[in-house]
Amino acid sequence: MSDLVLLSIIFVGTIAAASVLRVGLRPPPGQKQPRLEARGLLLFVPLLVLLAADAPGDLLVPVLGALAIYLLCAIGEALGTARLARILVVIVTGVIVYSQGVSIDTLKIPLSDVWFSLGWASPVLTVLWLWVCASLFGRAGSIPGVAYGVAGLSGVTFYLVCLMVPWATGDSARLLAIAIAGVSLAQLPAVGQVATRPAVPSSYAMGFLIGCLAILGALKHTAALAALLPILAISVPLFGATYTFAAALRGRARGMLIGQRRQHLHELLLEQGYSPGQVFGVLMSVSAYMCLLGLALVSLIGQPAWLKLLVLALGITVGPSFFFVVLRMLRHGPAPQMQDGEPPVIDLFNVRLHPVTMDDALAQAERFMSEGGPHMIVTSDTSAVVRAQHDEELRTIINEADLATVDGQGVVVCARLLNIPIMQRVAGVDMVGRLCEIAARLGQPVAMLGAAPGVADEAAQNLKQMYPGLEVVYTQHGYFGDDDEPRILAEIKEAAPMVLFVAMGIPKQEKWIKKHMDELGVPVSMGVGGSLDVFAGRVKRAPAWMRSCGLEWLYRTAKDPKRAPRLAALPRMFLMTVWELLMSPAPPSGVMAPSSPESGTGAPEQ
C-alpha cells in the first residue's frame, strides 16, 4: 500500500467515523451534551488501518498507548478526578511503551563524533519526554484545532524527514507520521469534528503519540541536530506553556504547583479580544514556520556546525519576532470609548495621547468651538513622541493639550506592540480638511499662519472651492521675525477666527500656540505641519492604497529626500518599544482614565 493511499484511507475514515459519532452522540432535545469527550475515539481509525496493512508491532504500541491514555483520561474527566491522575496515567503508559522498544537509547556529544549509551537514564528521559509532550498538547486542548493542527503539521514534517534521511528514521516512523497526519488534519474542518467542545483527554493522547513519533523518527539515537527537530515541531504548545508560566512569575505569583491550572497562551489571547480564527491562524503559522525551520536544519546534515547554528539563530530570532508583530497588529478588541464627552487617554513613553477616531476628534473640536475660550489640538507623529523624550517643554505641551491625536503610523505600530489600544491613525492633513468642512457648515471663520510665502493664500483659495461657504479671514506666511509678532497677534485677534491652523513644523508650531493661545483666545488652535502645502497643491499626497497601508511617510520621503533625517525617529521609537517590552514589569494595558484637567500624565492601569 502506497503512502498516499494509506494517508487517504485514514483521512477519509476519520471523517466518516467523526460523522457517525457526531450523530450517535447527539443528545435528544432538551438534554445536556454527554460528559465524555469523544474525539480520541477517532484514534481507532489509524489503529484499524495499520492492523489491516500488517504494520509492525513497534508501530502499533504507540497508538495503543495513546488510546489507553485517552480512555483513562476521558473517564477521569467525566468523573471529575484531579489532573494528577492524568500525569500518573501518562507516566505508567510511558513506562509500558518504553518496555516495548520506544526509547531514547544513545546520545551524541555536540560538535563531536562521540556517542555514549544512556544506560539507566534512558527510561527516565524517555518517560519524561513523553510526559512533556502529552502535557503540552493537553494544555492546548481547550481549542482542539490548535492541538490537532500542530499534530498534523508535526506528522507531515516527520514524514518529510523520513523521506530526506530514511537511513536515520525507518519505516515505523514514516508510517506513524502518516497515521498522525491523517487523523489530525481530518479533524480541522468541521466535517471531521465530533464536537466543538474542549478536547483535553484526546489532546493528551495526541501529544503522547507525537512524543513517540519524535523518538522513533529523531530521538532514539539522539544527535544535537536531531534533538532540535521535535522541539521545533512542538514549539507552539511549548511556548504557550512557557509564556503563561513566565507571565505568572512576572505577576509575582509563587510558581506553578502540580495540579494547578494556568491559562494557556491561546486562552490569554482570546481574553484580550482576538477572535478564535485569528488565534488559530497565527499559532498555526508559527507552527508551520518552525516545522520548515526544522526541515531546513535536516537538509544541512553534513554541513559545518557554524552554518547550522547560524540558520537556527536567524530562524528563531526573525520568525517569532515577525509573528509577534503580526499578532499585535491584528485589529482586536473594542477601541477605547468616549466617556461623558471626554476622550480616553493613553500613556506612551510618558507622552499623553488620546486614541480617538477621526469622528471623535472632530466631535471634540466642534465642542471646543461651541464652548469658546482657547483650546489646543496637537497632532502627535513619531518625531513628536521621540522629540518629547528629551524636550521637556514639548512633552509638557503635548501632555497639557486639550486633544492630542495620533498622527503617525510609527506611533500606531509601537503602541500596538505594547498592547496599547490605538486602533487607527488620525492624519493631520485629513483633519484640516474636515475642520474646514465643519467651519463652513457652522458659518465660522478660520485663519492660517505659517508655511512659505504664498502657500497659505493658495491653500485658502483651494479650501474655499472644496468647501463652499468657508470663510478664511486671515492668512500669513511663517517667515516673520520677532519684531513682526506683535502685529501678527493683533491681526489674528482682530480677525477673531474660530479655528487657527499654524504650519511651522514640530516643535515650533506647538510652542508658538502654547505661548500665545491665552492671548489670542481662539477656540481651536492646531499645529498642521506641511498640511497647507498639500492643500496649496505644492505637495502631492500618497496614493490612497499607500495611506491605508500606513506608508505615506515612505512616499513623502521618496518625493522629498530632505525629509530623510526625520526617519531617524522610527528606529529610535522601535528601540524604545523593544526596551519597554523587555523591561516592563507587566504587559501594559495603556488605557488611563478619561481626559480631564486634573488627570495629568498619569500611568497606565495595570
Side-chain angles (χ1 to χ4, degrees), residues 341 356-379 401-403 405 407 426-480 484-505 508-510 512-541:
V356 294
T357 64
M358 176 64 79
D359 289 340
D360 289 338
L362 294 173
Q364 284 294 105
E366 192 166 348
R367 182 169 70 86
F368 296 158
M369 295 181 194
S370 64
E371 289 178 353
H375 298 85
M376 180 177 182
I377 297 177
V378 176
T379 56
D402 297 280
L403 183 64
T405 63
D407 179 16
V426 178
V429 62
D430 293 330
M431 196 169 176
V432 169
R434 297 289 297 275
L435 283 175
C436 288
E437 181 182 11
I438 292 174
R441 172 170 55 83
L442 297 178
Q444 299 292 348
V446 302
M448 300 178 183
L449 172 65
V455 170
D457 295 324
E458 295 170 14
Q461 292 300 318
N462 291 336
L463 284 167
K464 285 191 287 187
Q465 293 179 7
M466 295 170 61
Y467 305 107
L470 176 65
E471 183 183 5
V472 182
V473 294
Y474 183 77
T475 60
Q476 166 68 43
H477 65 75
Y479 290 78
F480 58 86
D484 298 319
E485 194 166 81
R487 172 186 58 82
I488 292 172
L489 292 173
E491 291 173 350
I492 294 175
K493 285 192 291 184
E494 182 179 357
M498 183 63 65
V499 180
L500 172 62
F501 298 118
V502 180
M504 298 178 179
K508 183 178 180 180
Q509 61 194 18
E510 282 74 23
W512 193 92
I513 293 174
K514 185 67 173 179
K515 180 180 179 181
H516 301 293
M517 61 183 293
D518 290 332
E519 178 183 356
L520 294 174
V522 178
V524 176
S525 296
M526 174 179 168
V528 297
S531 298
L532 297 187
D533 294 277
V534 173
F535 287 107
R538 299 195 181 189
V539 174
K540 185 179 179 182
R541 289 199 72 183

If you apply the rule side chain to side chain contact (heavy atoms under 4.5 Å, CB included), what do you find for L362 with E437, and how did you get there? CA-CA 10 Å; L362 294 173; E437 181 182 11; over 6 Å; no
Looking at [atom1] of [X] and [atom2] of [Y], how far apart are the two atoms once the value is rounded to the nearest 0.5 Å?
X	Y	atom1	atom2	result
H375	Q364	NE2	CD	9.0 Å
D360	T405	CG	OG1	12.0 Å
E366	L435	CD	CG	9.5 Å
M517	E519	CE	CD	12.5 Å
D407	S531	CG	OG	7.5 Å
I438	L470	CD1	CG	12.0 Å

Would you say that [X] contacts [Y] through its side chain, given a criterion of any heavy-atom pair below 4.5 Å between the two side chains?
X	Y	result
L463	V472	no
Q444	V499	no
F501	C436	yes
M369	L442	yes
V455	M448	no

Considering all heavy atoms of both residues, which atom of [X] and which atom of [Y] are nearest to each other, and what is their separation?
X	Y	answer
P374	D518	CG-OD1, 3.6 Å
M504	Q509	N-OE1, 3.1 Å
V528	A503	CG2-CB, 3.7 Å
Y479	A452	CE1-CA, 3.4 Å
A451	D533	CB-OD2, 4.3 Å
P497	P523	O-CD, 3.8 Å

Parallel, tilted or perpendicular: which fits the ring planes of F480 and W512, with parallel below 30° and perpendicular above 60°? perpendicular
Stepwise, does the side chain to side chain contact (heavy atoms under 4.5 Å, CB included) test hold for D484 with Q476? CA-CA 11 Å; D484 298 319; Q476 166 68 43; over 6 Å; no
Inspect the contact between R487 and E491 and indicate whether a charged nitrogen and a carboxylate oxygen are less than 4.0 angstrom apart. yes
D402 side chain to I377 main-chain N or O, any donor-acceptor pair under 3.5 Å? no
E371 CD: over 12 foreign heavy atoms closer than 6.0 Å: yes
Going through the distances and angles, do V522 and M498 end up as a side chain to side chain contact (heavy atoms under 4.5 Å, CB included)? CA-CA 6 Å; V522 178; M498 183 63 65; over 6 Å; no
Run the numbers on V426 and M431 for side chain to side chain contact (heavy atoms under 4.5 Å, CB included), then give the verdict. CA-CA 7 Å; V426 178; M431 196 169 176; 4.3 Å; yes
